[in-house]
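Numbers here are sequence positions counted from 1.
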Amino acid sequence: MKITKVRSILTAPDGIALIVVKVETDQPGLYGLGCATFTQRPTLVAQAVDEYLDPLLRGRDPSNIEDLWHMMMVNSYWRNGPVLNNAVSGVDIALWDIKGKLANMPVYDLLGGKCREAAMVYRHADGREPQEVLENVIKYQEQGYRAVRCQMGGYGGRVKDITGFTAQPVKVAPQATHRMQAMDQLESTFPGAYYDPDKYARSIPEMFEHIRAAIGFDLFLLHDIHERLAPIDAIRLAKAVEPYRLFFLEDPLAPDQIEWFRRLRDQCATPIAMGELHNNPLEWRPLIAEQLIDFIRAHISQLGGLTPARKLATLCEAFGVRTAWHGPGDVSPVGHAANLHLDLACHNFGVQEVINFSDQIYEVFPGTPELHGGFLWANDKPGFGIDIDEEQATKYPINVQPIEWTQSRWPDGTLWTP
Ligand code: GCO
Ligand code: MG
């Protein structure tokens, strides 16, 4: 058996660029699909797949996933960056899909079988003020969801735009025509997506007070700081929300502030989730080995696919850390399916983030997992049980333009981690 072709497919059914890799073989009708979605730099990942991995892999046996993964990782010599890891992931997940099809088993069966029927998910409730968030929380609760993430005005307290990302700033300063005027008003002239970290930090305990007072404690609530605060302010916020019993507080600190996790842990018992920005085992190893986090939130394509993610899950199990794989709109349905197969097969599953899969998504990706009653369900088809309709996919071309929401700034213009 041989790999005959490896190629990228770019599509944006919901306006968010997704990258999927198709690995074709010389066996009639046998191919696999993998997720390589790095939505901020999609064409670079596509180039890495089409120009580097395709020639490297053609003619090789797709059965040897472990060997191929290591070979792809070190072939560039320099490694562990998001572009190349995503490209490797696209192939890796596709190879697991092929393996499942060959074995005539869903991937969760290859991984040891189901530990649960379906994966508990959490949904995103947003609002401009606590009452609006509460109303959205109640909507999800009424639909049977057991866990809801609460954000007020998105990340850092900014208004949410239609793409789901927070792009609308408090203000976008125009080019200063008169520098003195800008100084008088203490307004920054840097273009960017502005938010006020102090106001944001103070608003979150108030929001949870309002929600818990109305609905009590029978719903899991979550929040994502998205590394928008200075470390000590994140600790202060984690302590302030302790009485509201969060299921988890996500990304309180940037990935390069590992030492602060020790201080955070010493100070409060709010469960901590971390990892969507991780690329490299050196980033997660201390957090897990020192039990500084409670949930690993890795974006599995960013790690290099299912092969490293299942090892990470096993490492976490040994240290009492649960999984909560990253599942926003910029994970393709193939990636969501890979998350789900891990959720089903890993004993230490915690919760799964998920989006509302639109009609266009089901049209382009038949077999996309289904949401029922607060849980995500896999089908029992071989592999990941998901396909791509390439003709439909071409109906939704991607649109590449400079990213604005990652240019997040404090009121004086200081650029901060997005
Ligand atoms: C989350 C995330 C996302 C990211 C996005 C970046 O927890 O869902 O923080 O919303 O911001 O995936 O592209
Ligand atoms: Mg997040």
Side-chain angles (χ1 to χ4, degrees), residues 120-171 193-230 232-253 264 267-273 294-295 297 324 327-329 351 353-356 374 405 408-411 416 418:
M120 180 178 79
V121 300
Y122 71 84
R123 299 302 304 269
H124 297 180
D126 212 319
R128 279 156 298 190
E129 26 78 39
Q131 181 57 24
E132 196 177 342
V133 182
L134 171 64
E135 284 161 18
N136 287 322
V137 166
I138 291 171
K139 272 187 211 152
Y140 282 125
Q141 198 177 24
E142 285 171 354
Q143 290 169 33
Y145 288 100
R146 296 164 192 229
V148 180
R149 188 185 84 165
C150 306
Q151 303 293 130
M152 202 154 54
Y155 305 128
R158 293 177 305 148
V159 180
K160 212 172 186 187
D161 76 2
I162 44 152
T163 64
F165 295 126
T166 51
Q168 178 58 48
V170 175
K171 65 186 162 47
Y194 282 80
Y195 71 103
D196 182 326
D198 194 51
K199 270 195 200 147
Y200 156 64
R202 283 182 283 121
S203 72
I204 298 306
E206 279 171 29
M207 175 188 76
F208 281 115
E209 174 64 39
H210 187 75
I211 297 169
R212 283 298 188 207
I215 66 163
F217 285 82
D218 285 343
L219 183 74
F220 294 131
L221 297 181
L222 303 75
H223 180 70
D224 188 354
I225 294 184
H226 219 274
E227 18 154 22
R228 290 290 164 94
L229 295 174
I232 192 65
D233 291 325
I235 294 180
R236 195 152 51 168
L237 178 53
K239 289 175 74 169
V241 296
E242 216 171 6
Y244 309 113
R245 288 183 70 87
L246 298 198
F247 187 82
F248 67 55
L249 181 65
E250 177 182 349
D251 284 10
L253 303 160
L264 172 57
Q267 298 233 16
C268 81
T270 294
I272 300 299
D294 303 279
F295 295 90
R297 287 264 307 132
V351 73
E353 180 183 34
V354 81
I355 52 160
N356 185 42
W405 70 272
S408 49
R409 294 186 188 274
W410 286 2
W416 198 254

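Between C150 and L221, the closest heavy-atom pair is SG-CD2, 3.9 Å. The two residues C268 and K239 make their nearest non-hydrogen contact at CB-CG, 3.7 Å. Considering all non-hydrogen atoms of both residues, L237 and A201 come closest at CD1-O, 3.6 Å. Across all their heavy atoms, P197 and L229 have their closest contact at O-CD2, 3.4 Å. Shown here for A238 and T270, the closest heavy-atom pair between the two residues is O-OG1, 2.8 Å. Smallest separation of non-hydrogen atoms from Y200 and D224: OH-O, 3.9 Å.
Judged by distance alone, the side chain of E129 and the main-chain N or O of Q131 form a donor-acceptor pair under 3.5 Å. When atom types are taken as modelled, the side chain of H226 and the backbone of P418 share a donor-acceptor pair closer than 3.5 angstrom. The backbone N or O of R245 lies less than 3.5 Å from a partner atom in the side chain of R212, making a donor-acceptor pair. Judged by distance alone, the side chain of E242 and the main-chain N or O of A269 form a donor-acceptor pair under 3.5 Å. In this structure, the side chain of R123 does not engage the main chain of V148 through any donor-acceptor pair within 3.5 Å.
To the nearest 0.5 Å, atoms CD (Q141) and CG (L134) are separated by 9.0 Å. Here CG of L249 is found 8.0 Å from CZ of F208. Values are rounded to the nearest 0.5 Å. To the nearest 0.5 angstrom, I211 atom CD1 is 9.0 Å from I138 atom CD1. Note that CG of L253 is 6.0 Å distant from CG of L264, once rounded to the nearest 0.5 Å. In this structure, CD1 on I204 lies 8.5 Å from CD1 on I225, to the nearest 0.5 angstrom. Atoms CZ and CD, from R236 and Q267 in turn, are 11.5 Å apart once rounded to the nearest 0.5 Å.
Annotation: side chain of Q151 is not in contact with side chain of H124 (no heavy-atom distance under 4.5 Å). Inter-residue side-chain proximity for P130 and M152 is flagged as met; some heavy-atom pair is nearer than 4.5 Å.
In this view, E209 and Y244 satisfy the side chain to side chain donor-acceptor pair (under 3.5 Å) rule, not counting sequence neighbours.
Exactly one residue among Y122, Y145, F248, F247 makes a ring-ring contact (aromatic ring centres under 6.0 Å, His included) with F220. That residue is F247.
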* **Residues H223, M207; criterion side-chain contact (heavy atoms from CB on, under 4.5 Å); working and verdict** => CA-CA 11 Å; H223 180 70; M207 175 188 76; 4.3 Å; yes
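Aromatic ring pairs are classed by plane angle as parallel below 30°, tilted from 30° to 60° and perpendicular above 60°; the pair W410 and W416 is parallel.
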